Amino acid sequence: MKNIVSAALIGAAIFAMPGVASAQDATGSGFVGVSAGYHDLGISDEDVGADVDTASPIIGAYAGYDFMTGSNLFVGVEGNYHFGTDALDSDYGASARIGFTGQGGSKFYARAGYQWFTLDYEEIIGVEDPDGEAFGDIENNFGDYLVGVGADFPLGGTTAVRVNLDTISFDTLRATAGLQYNF
């Protein structure tokens, strides 16, 4: 249920952002995009004493807004939601960004925030649970601080390509790439 509520809130934010942006002056810019990547939880077979698969391709969306604080410096906020296909059912969060705009409008930034993720134990250990009882009482929702770096590269007009490399509490590694619309 938490995943559905989170997805709905992020979706509402994505559709509300253009209206918020039109009310702003030239001191900032908004963005929405789709992204895909890979999230490795960093747990090895030796850590648990069994053959485990603790990584997952992810696909999702993000939205945010950057405020210019100087001629080429900016601070911003961003939210994201991704569906996982293997070890992760989902991964979602919010972060603050600080960075600078380079030549041609490229943006380079560091970010920090909080990221939640939901594990899929069946995929991690490779055991089917058709009646859903084997993992019923085991917690599968976790969250911790996120730190990372990224860059947005304009393609022309209002579109850009982005790349991010993040970690959650320096335990996981999460790489994503996306296509975004700037407004």
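Hydrogens, waters and symmetry mates are skipped; everything else that's a heavy atom, side chains included, is used. What you are looking at is a predicted structure, and each value in this text was computed from that prediction instead of being measured. Position 1 is the first residue of the sequence; numbering continues from there.
Summarising the geometry, atom NE2 belonging to His82 is positioned 2.5 Å from atom OG belonging to Ser35; distances are rounded to the nearest 0.5 Å. Between the CG atom of Asp89 and the CG atom of Leu119 there is a distance of 8.0 Å, given to the nearest 0.5 Å. To the nearest 0.5 Å, the span separating CD1 on Ile58 from CZ on Phe83 amounts to 12.0 Å.
Annotation: salt bridge (Lys or Arg N to Asp or Glu O under 4.0 Å) contacts involving residues 98-108, sequence neighbours excluded, comprise Asp66-Lys107. Applying the ring-ring contact (aromatic ring centres under 6.0 Å, His included) test to residues at least two apart or on different chains, the pairs with a partner in residues 150-175 are Phe108-Phe153.
A single hydrophobic cluster is seen to contain both Tyr92 and Tyr114, as judged by linkage of ILVMFWY side chains at heavy-atom distances under 4.5 Å, directly or through other members. Connection of Phe142 to Leu146 is established within a shared hydrophobic cluster, with ILVMFWY side chains joined at heavy-atom distances below 4.5 Å, either directly or through further cluster members. Linking Ile, Leu, Val, Met, Phe, Trp and Tyr whenever their side-chain heavy atoms come within less than 4.5 Å puts Phe100 and Val163 in one cluster.
Thr172 pairs by the side-chain hydrogen bond (donor to acceptor under 3.5 Å, both in side chains) definition with His39, not counting sequence neighbours. Contacts of Asp91 classified as salt bridge (charged side-chain N to carboxylate O under 4.0 Å, His left out), with partners at least two apart in sequence or in another chain: Arg174. Under the rule for a side-chain contact (heavy atoms from CB on, under 4.5 Å), the partners of Pro57 that lie at least two apart in sequence or sit in another chain are Tyr38, Thr85, Asp86.
Of all non-hydrogen atoms in Phe31 and Val77, the two that sit nearest each other are CZ-O, 4.2 Å. The minimum heavy-atom distance between Gly104 and Pro154, with the atom names listed, is O-CG, 3.1 Å. The shortest non-hydrogen separation linking Ala94 to Gln115 is N-OE1, 4.4 Å.
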For residues 67-75, which side-chain N or O atoms pair as donor and acceptor with protein atoms under 3.5 Å away, sequence neighbours left out?
| unit_1 | atom_1 | unit_2 | atom_2 | d |
| --- | --- | --- | --- | --- |
| Thr69 | OG1 | Leu73 | O | 3.4 |

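No side-chain donor from either of Asn164 and Tyr62 sits under 3.5 Å from a side-chain acceptor of the other. Between the side chains of Asn182 and Ser29, no donor N or O sits under 3.5 Å from an acceptor N or O. Defined by atom type and a distance below 3.5 Å, a donor-acceptor pair is missing between the side-chain atoms of Glu78 and Asn80.
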- Message: Working note: Asp166 + Arg111, criterion side chain to side chain contact (heavy atoms under 4.5 Å, CB included); need CA distance, chi angles, decisive distance, verdict.
- Response: CA-CA 9 Å; Asp166 303 311; Arg111 64 189 195 161; 2.5 Å; yes
- Show the numbers, then the answer: is there a side chain to side chain contact (heavy atoms under 4.5 Å, CB included) between Thr54 and Asp40? CA-CA 6 Å; Thr54 61; Asp40 186 347; 4.0 Å; yes
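Val34 places none of its side-chain heavy atoms less than 4.5 Å from the side chain of Ile59. At least one side-chain heavy atom of Leu165 sits less than 4.5 Å from a side-chain heavy atom of Leu173.
Under the 6.0 Å distance and 45° angle rule, Arg97 does not count as a cation-pi partner of Tyr65.
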